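Worksheet for the structure shown next.
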Amino acid sequence: MPNNKITGAEALMRSLEHEGVNTLFGYPGGSIMPSYDALYDHRDTLNHILVRHEQGAIHAAQGYARVSGKVGCVIVTSGPGATNVITGLADAMLDSTPLVVICGQVSTAFLGTDAFQEVDVIGVTQPVTKWNFQIRRAEDIAWAVSRAFYIARSGRPGPVVLDFTKNAQTTLVDFEPQKVDFIRSYLPVPQVEKKAVKEAANLINNSQRPLVLVGQGVELGNAREELRLFLEKANLPAGCTMLGLSALPSDHPLNKGMLGMHGNYALNVLTNKCDLLIAVGMRFDDRVTGNLQTYAKQAKVIHLEIDPAEINKNVHADIAILGDCKQTLVELTKYIEPANHREWLDSFIPYDNLENTKVIEPAIHPTEGPLLMGEVVRRVSELSQQKAVLVTDVGQNQLFGCRYFKFTEARSVLTSGGCGTMGFGLPAAIGATFGAPERTICLFCGDGGLQMSIQELGTIMEQRAPVKIILLNNNYLGNVRQWQYLFFNKRYSFTPMLNPDYEKIAEAYGIPARTVVERADLDAAIEQMLTTEGPFLLQCAVKEEDNVLPMTPPGANVDEMMLEIE
């Protein structure tokens, strides 16, 4: 009889193909080498992107997952290869990003012996994963891979780790692909309770000053259209979290902007004046709420959420509607009544006008002085017809980017929200070019964050990944400097930066580059960047001590926003 057995490494490749994987990001090494050997024969179906650091692999997979809606896939070796992805796992866990990370591991016989490049991956990653599992037998590969993808993508998405021992990769096994679509005791989407829906609708119908808080859950649930119909039926004003910004088109008349510490003034002030908060797919992060002791105490709260753990975690919900928001929004819309809320909607206008006069216009239309981050962001947004994907690193580039970039399409915001990971931007943008190859990917980063993952310019060089890099160079760790200015008596402790010549670095990687200092040259430089095929680095020499406003000081009430700094 013919021998149909295959190695565990080959079984992994076939399992990945069975799950629909066509792109994975990784870096080879000793304990994962049998799998990389098997991958050699699957290059036509599994497009492997060789990054320059394992942290780059997981951030790239996050970018891929967030813009495509698919599961991002990572493959790395044991020891430092595995530990280098932990920051990305924590980031993905907080931001609900579906990932499957496959780490090599020493053979089962060497577990616990402190063998070369052995790390307890299961123990180390358990707090920052949705599920993890050590594959010790080749017979478990098909089941483990299918289960991993099911858990990663179902319900509230998240990262999963498979720790793949070397002996399991080399052992011969009869392979039969599996499809896990049910796990006992795991309920990814709670059943919608009609009673809660009707009670919530009654609150909405009797509300005079309702306010909807839109989170990334709307994007994750592909419920953008359901949200729009819900808002429009009862004329409900809405604000978006940073990760939820593209869940509603920026120019929609009911979209009142961004929530949170550096969000829009009217939203934050009126959060403490509304009589009803309707939270959809968001978790009441501290950067949104400010001081919880005074947050919206006058209001009733309705919370639409897929994860029961988020209910009453930070803010008490008078009514919780558990379930997928793509379904719960439809159910709730059935029972709400058309309304006008004109007086309530008009109450946003004076606050918006004040913010526009004091903050927005000076930030995006300065008439003199150095370039400002806000004006660069807005011009890139406008010249890309507001259809590009906004990718940011972390810091002032992130805050100015999210404040002044505008959105018309879904899944257009890619930033590190919960973890705030500097160095996230460049590899995430690379991943986004593979997840949405038809779209323009615009990365805004600071001189600090870019240098944390600058080696990934090598990945861009090799892949010709068409990332449009806008470097907002102020020679500072800008956000930390702003806090030092405001709260630490202007003691700039280790925030000024001596920077390299970024144009020469880009040239070394074969990436076209240009530096803009004068305002008169900005539009032409942006057009050059957008029309150049492939990657481009646009360095903008921006004002060194620019500040992001408005700002709710740490520990302050959500409505105690500063519009200016004395």
Side-chain angles (χ1 to χ4, degrees), residues 20 58-59 61-73 88-100 129-131 148-160 186-190 192 212-231 238-249 258-259 278-285 288 303-311 313 320-332 389-391 402 407 409-419 424 428 431-432 435-436 439:
I58 194 164
H59 291 328
Q62 287 177 272
Y64 174 89
R66 292 262 288 275
V67 300
S68 69
K70 301 176 183 178
V71 178
C73 193
L89 289 170
D91 197 293
M93 190 69 176
L94 281 168
D95 287 353
S96 303
T97 304
L99 301 178
V100 170
T129 51
K130 194 175 175 185
W131 182 63
F149 276 84
Y150 173 64
I151 292 173
R153 68 165 66 97
S154 60
R156 181 180 182 177
V160 170
Y186 172 56
L187 183 65
V189 181
V192 180
V212 180
L213 312 181
V214 178
Q216 189 194 197
V218 173
E219 293 273 55
L220 295 174
N222 298 310
R224 207 168 181 249
E225 181 64 9
E226 289 78 5
L227 173 71
R228 184 186 64 80
L229 294 172
F230 168 68
L231 297 177
C240 300
T241 66
M242 183 179 286
L243 296 186
L245 280 172
S246 63
L248 192 63
M258 185 171 77
L259 299 161
I278 307 159
V280 185
M282 55 88 71
R283 58 188 179 88
F284 289 108
D285 175 79
V288 166
H303 197 170
L304 282 68
E305 176 58 49
I306 199 169
D307 184 358
E310 294 297 341
I311 303 298
K313 186 178 80 174
I321 302 178
L322 289 170
D324 187 330
C325 63
K326 192 171 181 67
Q327 179 183 2
T328 56
L329 281 170
V330 171
E331 291 299 314
L332 191 54
V389 175
L390 168 71
V391 188
C402 290
F407 309 100
E409 300 185 15
R411 294 186 179 272
S412 293
V413 180
L414 179 50
T415 191
S416 173
C419 210
F424 171 90
R439 301 190 64 186

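Keep in mind that this is a model prediction, so the values were computed, not measured. Position 1 is the first residue of the sequence, and the numbers go up from there.
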Less than 4.5 Å apart, any side-chain heavy atom of Tyr150 and any of Tyr186?
yes
What I'd like to find out is whether the side chain of Ile278 reaches to under 4.5 Å of the side chain of Leu304, using heavy atoms alone.
yes
Looking only at heavy atoms, what is the nearest atom pair of Gly239 and Leu259, with distance?
O-CD1, 3.6 Å
Distance-minimising heavy-atom pair for Ala238 and Val214
CB-CG2, 4.1 Å
Glu226/Lys326 salt bridge by N-O under 4.0 Å criterion:
yes
Determine whether Val67 and Arg439 satisfy the following criterion, side-chain contact (heavy atoms from CB on, under 4.5 Å), listing intermediate values before the conclusion.
CA-CA 10 Å; Val67 300; Arg439 301 190 64 186; 5.9 Å; no
Would you indicate whether the side-chain heavy atoms of Val218 and Arg228 approach each other to under 4.5 Å?
no
Hey, are the side chains of Arg66 and Gln216 touching, using non-hydrogen atoms and a 4.5 Å cut-off?
yes
Can you tell me how far apart CZ (Arg224) and SG (Cys325) are? Round to the nearest 0.5 Å.
13.0 Å
Heavy-atom pair of closest approach, residues Thr241 and Val288:
CG2-CG2, 4.3 Å
Counting C-beta onward and ignoring hydrogens, is there a side-chain heavy-atom pair between Val160 and Val71 closer than 4.5 Å?
no
Under a 4.5 Å cut-off applied to non-hydrogen side-chain atoms, are Pro190 and Ile306 in contact?
yes
How close do Ala65 and Thr97 get, heavy atom to heavy atom, and via which atoms?
CB-CG2, 3.9 Å
Any heavy-atom pair between the side chains of Ser416 and Gln62 that's under 4.5 Å?
no
What distance separates Leu229 CG from Leu329 CG, expressed to the nearest 0.5 Å?
9.5 Å
Hey, is the main chain of Met282 close enough, under 3.5 Å, to the side chain of His303 for a donor-acceptor pair?
yes
When rounded to the nearest 0.5 Å, the distance separating CG of Leu231 from CG of Leu248 is 6.0 Å
Restricting to non-hydrogen atoms, name the atom on Asp324 and the atom on Val189 that form the minimum distance, rounded to 0.1 Å.
N-CG1, 3.7 Å
Once rounded to the nearest 0.5 Å, what's the spacing between atom CD1 of Ile321 and atom CD of Glu305?
12.0 Å
Nearest 0.5 Å please: distance from the CZ atom of Phe149 over to the CG atom of Leu99.
10.0 Å
If only atom types and distance count, is the side chain of Lys130 paired as donor or acceptor with the main-chain N or O of Arg156 below 3.5 Å?
yes
Check: Asp91 side chain, Cys419 main-chain N or O, donor-acceptor pair, under 3.5 Å
no
Can you tell me how far apart CD (Glu219) and CG (Leu227) are? Round to the nearest 0.5 Å.
9.5 Å
Residue pair Val192 / Gly323: nearest heavy atoms and the distance that separates them:
CG2-CA, 4.4 Å
